[in-house]
There are 2 protein chains.
Amino acid sequence: MPSTKLIARLQAVVGLSDDDRGKLANMPHAVRQFADDEHIFRQGDRTSRCAIVMSGFLFRQKIVGSRSQILSIYLPGDIPDLHTLHLSLMDHDLVSAGPSTVAFVSHSFLNSMLVSSPTLTHVLWRDTLVDAAIFREWVANVGSRDALSRVAHLFCELAARLELVGLMEDNGFIFPLTQEHLADACGLSKVHTNRIVQALRRGGLIEWQNHHVKLPRRKELAELAGFMPDYLHFSDNKL
Amino acid sequence: MPSTKLIARLQAVVGLSDDDRGKLANMPHAVRQFADDEHIFRQGDRTSRCAIVMSGFLFRQKIVGSRSQILSIYLPGDIPDLHTLHLSLMDHDLVSAGPSTVAFVSHSFLNSMLVSSPTLTHVLWRDTLVDAAIFREWVANVGSRDALSRVAHLFCELAARLELVGLMEDNGFIFPLTQEHLADACGLSKVHTNRIVQALRRGGLIEWQNHHVKLPRRKELAELAGFMPDYLHFSDNKL
DNA sequence: CGCAAATTTGAAATCGTTCAAATCGGGTGG
DNA sequence: CCACCCGATTTGAACGATTTCAAATTTGCG
């Protein structure tokens, strides 16, 4: 089942009928592994299928000048390229951070599924809108917060989203990104990002070693970050 | 007709059948004027209708700490809150920059229209996806470009989008925002933004007076900004 | 004409970058 | 099991872009 975590996530947020769950669970798909830093697609590509993250993290990036900017991070259960259903030209790269497993489902199948179910249309459209809401928060994060709360905010968001798909354990989670990835996501230099990480460690707000992150005091971290999870729309159900 | 510019824009990008154009042209709607700085809605609100910009500029903003971050700018023909069709809780403000005219169409009407037309579903879903693509570019803009190209990039984007709805004349357009708005959109202080604007003026790249902006050398400006219009998806038609 | 908002100027302070080098750490091959 | 190697992290110091604060000037509107 490519979509266990996907269904878990949608289920938690909007609720699904048995029928719709069944449709999602039985999507024809092809599974593929990606290695660290391997590209799922590149800017300028066109595609006729969508990717569902099964394990590992993916991220979107744009190269601007000599910098690489990470635009968003995708976790198991996410569909990082759902937008390709309506926008075929890729305006950025999609890359694997660490090894990952991805299931691919064809556009033609997805389209037929959506025609037959207004609910699933609503749910998947909604999913792309939450994606956009997260971009907005990132604009605010990168544009308005100082380095410390910016990095803290990213950890808060990831923790909240990982919790939703059952990948948090005792406030800790597997984190395949490097400090350089973190820097690229926050629009900071890697040297400064390193100093920020050290500051957060000294403050006892994060523990990070061996691709494993722990947030022992999430409340304080969220306060420092100014993290308001409303933009994730976990409990904003229109149905 | 609330939707002249909207139809022009969709027409230019995806093409519409006479039937679909008719449906859009005949949407029942209520028109309302907004004054400078007046809020169309605020963070935390819920709404049961969508706004179509008829004249003037609107912008989305988030308050983070003591700063106000502008997340996107909406022009005539845009539907700045199409996402409310599926996400009812507002995670940001929508504000009028200068006086504006807005047409409101109820969710219930829009939903019934979408059920009856897969094409319009595609077109409007697509519209929210272009919105998201613009957010991504803004993350990259604010996260990766220096102040000069950041401001230049914003002007390039607005010019391209205004052109699409016929609001550019001789490389100039009406621009109701203040330098402080520009600063809030670019994640810069207003003092520094002012110096950047002066630099662009000195370079002959922009003229700006009386709410009127002119870009006499768009090519050079685009080069300075690293502006690549692919993310606007003007010529990326899936139908 | 007069007020309030918007723009402009100057100077000092700060946050973050850059460059360069050192150290750490995990995985590989012998 | 150990030595080695490469990528990732860490440190230091100088530099630079942007912010902040405070005040002056200009502009547009009533």
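A note on names: the letters A, B, ... follow the listed sequences, proteins ahead of strands, and every chain is numbered from 1.
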Problem set entry | d(CG, B:L188; P, D:dA17) in whole Å | 14 Å
Exercise. Which part of the nucleic acid, if any, lies within contact of A:T178, taking any heavy atom under 4.0 Å across all strands shown: a base, the sugar-phosphate backbone alone, or nothing?
Worked result: sugar-phosphate
Problem set entry | Cationic N near anionic O, under 4.0 Å, A:D81 to A:R49 | no
Exercise. How is B:R201 classified with respect to the nucleic acid when contacts are heavy atoms under 4.0 Å: base, sugar-phosphate, or nothing?
Worked result: sugar-phosphate
Problem set entry | Residue whose closest nucleotide on DNA chain C lies nearer the 5' end, B:W208 versus A:T193 | B:W208
For this session: Report the distance from atom NZ of A:K190 to atom P of C:dG16, rounded to the nearest whole Å.
Result: 19 Å
For this session: Remember a base hit wins even if backbone is also touched, and classify A:V197 as base, sugar-phosphate or nothing at under 4.0 Å, heavy atoms.
Result: nothing
Exercise. Is the phosphate of C:dT7, meaning OP1 or OP2, less than 4.0 Å from a side-chain N or O of B:Q198?
Worked result: no
Seminar exercise, completed: Sequence neighbours excluded, the answer for ring pair (Phe, Tyr, Trp, His ring centres under 6.0 Å) partners of B:F34 is none
Problem set entry | With B:N194, the side-chain hydrogen bond (donor to acceptor under 3.5 Å, both in side chains) member among B:H192, B:Q198, B:K190 | B:Q198
For this session: Look at A:D146 together with B:R67 and state whether they make a salt bridge at an N to O cut-off of under 4.0 Å.
Result: no
Problem set entry | Degree of bending, the helix from C:dC1-D:dG30 to C:dG30-D:dC1 (end axes from five pairs; round to 10°) | 50°
Problem set entry | For atom CZ of B:R195 and atom P of C:dG10, their distance in whole Å | 9 Å
For this session: Look at the side chain of B:V191 and decide which nucleotide, out of C:dG16, D:dA22, D:dT11, has an atom nearest to it.
Result: D:dA22
Problem set entry | Short side-chain N/O contact to C:dG25 OP1/OP2 from A:Q209, under 4.0 Å | no
Exercise. Under 4.0 Å between a side-chain N or O of A:Q179 and OP1 or OP2 of D:dT10?
Worked result: yes
Seminar exercise, completed: Whole-Å distance, A:D184 CG to D:dA8 C1', equals 14 Å
Exercise. Are OP1 or OP2 of C:dT8 and a side-chain N or O of B:N194 less than 4.0 angstrom apart?
Worked result: yes
Problem set entry | Protein-nucleotide distance (A:E180, atom CD; D:dC6, atom P), rounded to Å | 18 Å
Exercise. How about A:Q43 and B:D230: does a side-chain donor come under 3.5 Å of a side-chain acceptor?
Worked result: yes
Exercise. Atom CG of A:D146 and atom P of C:dT17: how far apart are they, to the nearest Å?
Worked result: 12 Å
For this session: May I ask you to check whether B:F227 and B:F155 place their ring centres under 6.0 Å from each other?
Result: no
Seminar exercise, completed: Rounded to whole Å, CG of B:L182 lies from C1' of C:dT8 at a distance of 15 Å
Exercise. So how far is it from A:E169 CD to A:K214 NZ, rounded to the nearest 0.5 Å?
Worked result: 10.0 Å
For this session: Provide, to the nearest angstrom, the distance between the CD1 atom belonging to B:I196 and the P atom belonging to C:dT9.
Result: 14 Å
